[in-house]
Each structure stands twice: as structure tokens, then as C-alpha cells.
Protein chains: 2
Amino acid sequence: MKTCENNYFQQKHSKEMRAVQDSMDVLNGKWKVAILSSICYYNKRRFSEILNDVEGISNRMLSKELKELEVNKLIIRSVMDTQPITVMYELTKHGKSLKNIIESLSDWGIAHRRVITGK
Amino acid sequence: MKTCENNYFQQKHSKEMRAVQDSMDVLNGKWKVAILSSICYYNKRRFSEILNDVEGISNRMLSKELKELEVNKLIIRSVMDTQPITVMYELTKHGKSLKNIIESLSDWGIAHRRVITGK
DNA sequence: CTGAATCCTCTGCGATACTG
DNA sequence: CAGTATCGCAGAGGATTCAG
């Protein structure tokens, strides 16, 4: 019976689908992945450096997004006692587990441009 | 000199960073990746099936997002001449190249839940 | 069944200015 | 330098209805 077949497959993949949604909820918005990329590529990165890396982002947004990433335990914020103060951001172990995805997204972005522009 | 060093690395990674942004521009919004996951996991999928797979999406949104995905050459839409008509969606070759990323996101989503809930 | 058309709400995000 | 505080709007997205 067709519906049974569908239900079978449905159950088979609904868990993965929910997991994908969970991931995208954390990485939502226009900036999160780009910010993570910046920190990921440079290992440690300062606020103003990320501000430059991520094209077009405002300090307001950067501040807000960094806070969310910290809450989600993807990055660690540490204040350096300099004058004036500087703040370093780095990936947690958990954040580093996104490295493969980020690199894949980079590769895919380049491939996508080729596909859309017709090479 | 520190700034030179920074500029050097800056140039080294700005290309990847732009590519990541390109990818995320295509996959933006609340639903795109989930929709792609549905089609990806089942190879071919009908409108109403995707509507069920993606929890919470409205037909209005699904319709709109599918259109964008088609414009970006990630999926192909084909109308089956049945009564009433059914519409199948499947990934293009280019769309299929997202499979690894989708699977990684699924794995990461599960891991993330463990990290946040403290296991 | 697969959408398109309306209407309406809410919020993501930009611009700008200000603080320690 | 690294943020916070306001203000304002376009547009994402929800609910509902209509159409082929």
C-alpha cells in the first residue's frame, strides 16, 4: 500500500530532518555563518577584525550575533586587559566541529557561481 | 609588522569568506535547507509531501521557496499529467552536490542538542 | 492537488548617535 | 576599541481564501 510505504520512509528520515532544522535555527540570520567563518579561518579574531572580514555588517549586528553564538556555545569571548581593551573570539571545540561544513559551503559557493553565471 | 601580517591573512581568506556568503545567500530564510533536505532524502518528492515533511511551513511559503530554488537551479519541477495533477520536485546535479552538507548539518544538529542540553 | 492572491503582523536589520 | 541605545522600515512569513 502506497501510504504505508510513505509512512515508512517518513519515519526513516524525520529525525534527520528535525536535526537539520535544529542546525539551521542556530545558524539563522544573515551573518552567523560568515562570522563563524572569520573566526574559524583565523583561529582567534578580534571584534574589529571580524567587523572588517564580514562585508557589510554593522557593529550593532555583530555584537548581537556574537552574543547569540556565545550562548549557543559555539564561541568563547575573552577580554584582553590592554589599553584600550581588546576582545578576542575563538571557536569552542563544538564550534570547531563546524569547520568541515564551513569549508564545504565555501567550495559550494564557488561552484554555485559557476553554475549560475554559466561559467 | 602586525598590520602586514593581518593584511596577508586577510587576502588569503577573503575569497573563501565571500564564497561562504554566496552560499548562505542562496540558502537564506527559514525553510530552504529543510525543503532541500526533504527532496534530498527522498530523491523525488511531491508538493504535499514536502508540505508534510517540513514542520510548520505554509503552502504559501513552500510555493515561494520552491520557486526560488528552481531559479537557482537547485531543483527541477515536473508536472505529472494525472487527475488531479501532481507535481514532482527533484534535485538537479548541482542540487545534489549539497547532499554532503545536508548530511553534515543533520549530524551536527544532533551533536548540538547534546552540547546544549548537557547530554 | 498545487498553487496564487490578499491581508496583516512581526522582526531582522540598517542608520545613527552615544558610552566606558 | 568594543560595544549599547534608539528609531524606523522593508520584507519575511502566518492565516485565510480563491482558482485551475
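As the structure is a computational prediction, the values presented were derived from the model and not from experiment. Excluded from the calculations below are hydrogen atoms, water molecules and symmetry mates; all remaining heavy atoms, backbone and side chain alike, are included. Note on naming: letters A, B, ... go to the chains in the order of the sequence lines (proteins, then strands), and numbering restarts at 1 for each one.
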Geometric class of the B:Y42/A:H13 ring pair [parallel <30°, tilted 30-60°, perpendicular >60°]: perpendicular
d(CZ, B:R46; C1', C:dC1) in whole Å: 7 Å
Nucleotide C:dA5, atom C1' - distance to CE of B:M61 in whole Å: 13 Å
Any donor-acceptor pair under 3.5 Å from B:T92 side chain to B:L74 backbone: yes
Heavy-atom donor-acceptor pair, A:S106 side chain to A:I102 backbone, under 3.5 Å: no
Nearest-angstrom distance from the residue atom CG of A:L62 to C1' of C:dG12: 15 Å
Whole-Å distance separating the CD atom of B:E49 from the P atom of C:dG3: 13 Å
Distances for protein N/O vs nucleotides 17-20 of chain C N/O pairs under 3.5 angstrom?
none

Donor-acceptor contact present, side-chain B:S104 to main-chain A:I101, <3.5 Å: no
Earlier contact from the 5' end, DNA chain C, for A:N28 and B:K64: B:K64
Value in whole Å for how far the C1' atom of C:dA4 lies from CG of B:L66: 14 Å
Exam field: side chain A:Q21 to backbone A:R18, donor-acceptor pair closer than 3.5 Å: no
Side-chain touch B:Y41/B:K99, heavy atoms, less than 4.5 angstrom: no
Segment of DNA chain D, first to last nucleotide, that comes within the 4.0 Å heavy-atom reach of chain A: D:dC1 to D:dT6
Side chain A:N28, main chain A:D25, donor-acceptor under 3.5 Å: yes
Any donor-acceptor N/O pair, A:S23 side chain to B:L105 backbone, under 3.5 Å: yes
Donor-acceptor under 3.5 Å (B:S63 side chain, B:R60 main chain): no
Residue-phosphate contact under 4.0 Å: B:S63 side-chain N/O, C:dA4 OP1/OP2: yes
5' precedence on DNA chain D between B:R60 and A:K67 (nearest-nucleotide basis): A:K67
Polar side-chain atom of A:E70 near backbone of A:K67 as donor-acceptor pair, under 3.5 Å: no
Under-4.0 Å salt bridge between B:K32 and B:E68: yes
Rounded to 10 degrees, the angle between the two terminal axes of the helix from C:dC1-D:dG20 to C:dG20-D:dC1, each from five pairs: 50°
